[in-house]
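One structure is given here, and the rest of the page talks about it.
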Amino acid sequence: MGEATDTGPRSTPCWADVMLPDVDAGKRFYGGLFGWTFRDSGPEYGSYAEAFQGGRAVAALAPKPDGRMPTAWCVHFSSADAAATARRITEAGGQVVTGPLAVGPFGTMLLAVDPGGAVLGVWQAGTHRGFEERGEPGSFAWTEVYTRDAAAVDAFYERVFGLVAHAPGSGEATADYALWTPAGEPPGPEHAVGGRAVMGEDFPEVMPAHFLVHFAVADCDAAAEAAGRLGGRVRRGPKDAPYGRFAVLTDSQGADFAVVERAGAPR
């Protein structure tokens with residue numbers, strides 16, 4: 001859900017939500033971890049629970065309609081025309097799974113799979129414009145797609161969303177890691193809106209391609225400790241990186257996400 005920026009195309013990550021078997025348990029976990037408060041939609045909108053940090057919309061929790069669906073966070077990219085984006089997704093080698101579907105006055109959504117197999121969302125804003133806060137503790141800070149097919153995925157996100165892949169030092173995209181900068185912006189971390197990482201031998205073969213959503217926190221170590229206390233676990237870190245101290249966590253129901261002490265793109 002977010003600002004309509006897809007005219008060139010030109011798009012950015014604009015919303016994130018997680019599908020959970022038990023939304024009430026999710027409220028306890030994320031409310032305890034980030035201090036989020038929640039507002040539930042009615043059953044006509046799937047009992048979607050919007051999360052707020054300091055009264056500003058930052059994410060949402062959604063009940064899984066089918067137990068076979070993954071318990072996972074999903075990143076949504078902004079679009080001025082979801083139907084046109086759906087056509088580009090198919091033309092670029094992706095697959096539209098759901099939609100485009102109108103969600104009352106709030107906007108139009110679709111779910112898709114990129115050529116590497118990662119699930120993503122698209123949001124054409126109506127009354128819901130997306131993140132009302134980002135980069136501050138308890139809000140969205142960054143996202144990365146983990147894939148085994150860097151070439152196909154780099155081409156896909158450039159063609160569909162106008163996101164150009166380049167190395168962190170503003171050069172050509174590398175085999176292992178690249179930043180995404182919107183078309184027309186100078187390549188470099190100060191303009192980057194996300195990243196692409198390659199899944200190497202340290203990832204299990206059975207692990208599918210996926211997005212990893214990062215949330216900003218004031219204290220990475222304290223957040224990791226709190227996640228364990230709330231029934232989650234620490235998968236990696238806390239550790240220092242060029243862009244700040246981070247940890248990869250799993251919530252109490254199995255959804256992976258990351259926290260970063262200093263929000264922003266890798267420097």
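This structure is a prediction, so every number in the text was calculated from the model and none was measured.
- Its side chain outside the 4.5 Å cluster rule for every partner, Val164 clusters with none of the Ile, Leu, Val, Met, Phe, Trp and Tyr residues.
- Residue Ser139 holds its OG atom at 8.5 Å from CZ of Arg134, rounded to the nearest 0.5 Å.
- For the atom pair CG (Leu120) and CG (Leu111), the distance works out to 8.0 Å, reported to the nearest 0.5 Å.
- Side-chain contact annotation: Thr181 with His166, donor-acceptor N/O pair under 3.5 Å present.
- Looking at every heavy atom in both residues, Val259 comes nearest to Cys220 through CG2-SG, 4.2 Å.
- Checking side-chain atoms of Thr12 against main-chain N and O of Cys14 turns up no donor-acceptor pair under 3.5 Å.
- In this structure, the side chains of Tyr30 and Leu61 come closer than 4.5 Å at one or more pairs of heavy atoms.
- For the atom pair Phe246 CZ and Glu261 CD, the distance stands at 12.5 Å (nearest 0.5 Å).
- Note: the hydrophobic cluster containing Val97 does not contain Met69 (ILVMFWY, side chain heavy atoms under 4.5 Å, direct or indirect links).
- In this structure, the side chains of Phe211 and Glu144 stay at 4.5 Å or more apart for every pair of heavy atoms.
- The closest donor-acceptor contact from the side chain of Ser41 to the backbone of Tyr48 lies under 3.5 Å.
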| task | For side chain to side chain contact (heavy atoms under 4.5 Å, CB included), just list the numbers for Val248 and Leu212, CA-CA rounded to whole Å, side-chain angles, deciding distance to a tenth of an Å, and then say yes or no. | result | CA-CA 9 Å; Val248 179; Leu212 183 65; 4.1 Å; yes
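- Across every non-hydrogen atom of Cys74 and Gly121, the tightest pair is SG-N, 3.6 Å.
- Side-chain atoms of Glu132 never come within 3.5 Å of backbone atoms of Arg56 as a donor-acceptor pair (strictly under, hydrogens ignored).
- The shortest side-chain heavy-atom distance between Gln253 and Asp22 falls under the 4.5 Å cut-off.
- The two atoms that bring Ala216 and Ala141 nearest to each other are N-CB, 3.7 Å, heavy atoms only.
- Using a 4.5 Å heavy-atom threshold, the side chains of Val145 and Val153 count as touching.
- The two residues Gly26 and Leu20 come nearest to each other via the heavy atoms CA-CD1, 3.8 Å.
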| said: Before you tell me yes or no, could you show the steps for Val213 and Val75 under side chain to side chain contact (heavy atoms under 4.5 Å, CB included), namely the whole-Å CA-CA distance, both residues' side-chain angles and the distance that decides it to 0.1 Å? | reply: CA-CA 7 Å; Val213 178; Val75 177; 3.4 Å; yes
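- Under the 4.5 Å side-chain criterion, counting only non-hydrogen atoms from C-beta, Met199 is in contact with Met207.
- Note on Met19: it does not cluster hydrophobically with Phe257, by side-chain heavy-atom contacts below 4.5 Å among ILVMFWY residues.
- Between His210 and Asp256, the side chains place no donor N or O within less than 3.5 Å of an acceptor N or O (distance only, hydrogens not considered).
- For the ring pair (Phe, Tyr, Trp, His ring centres under 6.0 Å) condition, the pairs that include at least one residue of residues 182-205, sequence neighbours left out, are Tyr146-Phe203.
- Between Trp15 and Phe131, the ring planes are tilted. Angles from 30° to 60° get that label.
- Looking at every heavy atom in both residues, Leu230 comes nearest to Ser252 through O-CB, 4.0 Å.
- Cluster partners of Phe52 are absent, since no Ile, Leu, Val, Met, Phe, Trp or Tyr has side-chain heavy atoms less than 4.5 Å from it.
- Tyr157 pairs by the side-chain hydrogen bond (donor to acceptor under 3.5 Å, both in side chains) definition with Asp114, not counting sequence neighbours.
- The shortest distance between side-chain heavy atoms of Leu163 and Phe77 falls below 4.5 Å.
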| request: Give the C-alpha distance, both sets of side-chain angles, the deciding distance and a yes or no for side chain to side chain contact (heavy atoms under 4.5 Å, CB included) between Phe215 and Val260. | output: CA-CA 6 Å; Phe215 293 101; Val260 59; over 6 Å; no
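- A salt bridge links Glu91 to Arg159: at least one charged side-chain nitrogen sits closer than 4.0 Å to a carboxylate oxygen.
- No side-chain heavy atom of Asp149 sits less than 4.5 Å from a side-chain heavy atom of Pro115.
- From Leu249, atom CG reaches atom CZ of Arg233 across 10.0 Å, with rounding to the nearest 0.5 Å.
- Using a 4.0 Å cut-off between a side-chain N of Lys or Arg and a carboxylate O of Asp or Glu, Asp221 and Arg245 qualify as a salt bridge.
- Comment: Glu225 engages Arg229 in a salt bridge, judged by a side-chain N to carboxylate O separation of less than 4.0 angstrom.
- For Glu50, the side-chain hydrogen bond (donor to acceptor under 3.5 Å, both in side chains) partners two or more places apart in sequence, or in a different chain, are Arg39, His128.
- The backbone N or O of Pro105 lies less than 3.5 Å from a partner atom in the side chain of Thr127, making a donor-acceptor pair.
- Here the closest non-hydrogen pair linking Thr85 and Ser79 is OG1-OG, 2.8 Å.
- Distance alone, capped at 3.5 Å, places no donor-acceptor pair between the Thr90 side chain and the Gln95 backbone.
- Using a 4.0 Å cut-off between a side-chain N of Lys or Arg and a carboxylate O of Asp or Glu, Lys27 and Asp40 qualify as a salt bridge.
- Checking side-chain atoms of Trp36 against main-chain N and O of Gly138 turns up a donor-acceptor pair under 3.5 Å.
- In this structure, the side chain of Gln124 does not engage the main chain of Ser78 through any donor-acceptor pair within 3.5 Å.
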| said: Run the side chain to side chain contact (heavy atoms under 4.5 Å, CB included) test on Leu101 and Thr108 for me, step by step, so that the C-alpha distance in whole Å, both residues' side-chain angles and the decisive distance to 0.1 Å come before the verdict. | reply: CA-CA 5 Å; Leu101 295 174; Thr108 301; 5.7 Å; no
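- Not a single side-chain hydrogen bond (donor to acceptor under 3.5 Å, both in side chains) links Trp180 to another residue, sequence neighbours left out.
- Side-chain atoms of Phe106 and Trp123, non-hydrogen and from C-beta on, do get closer than 4.5 Å to each other.
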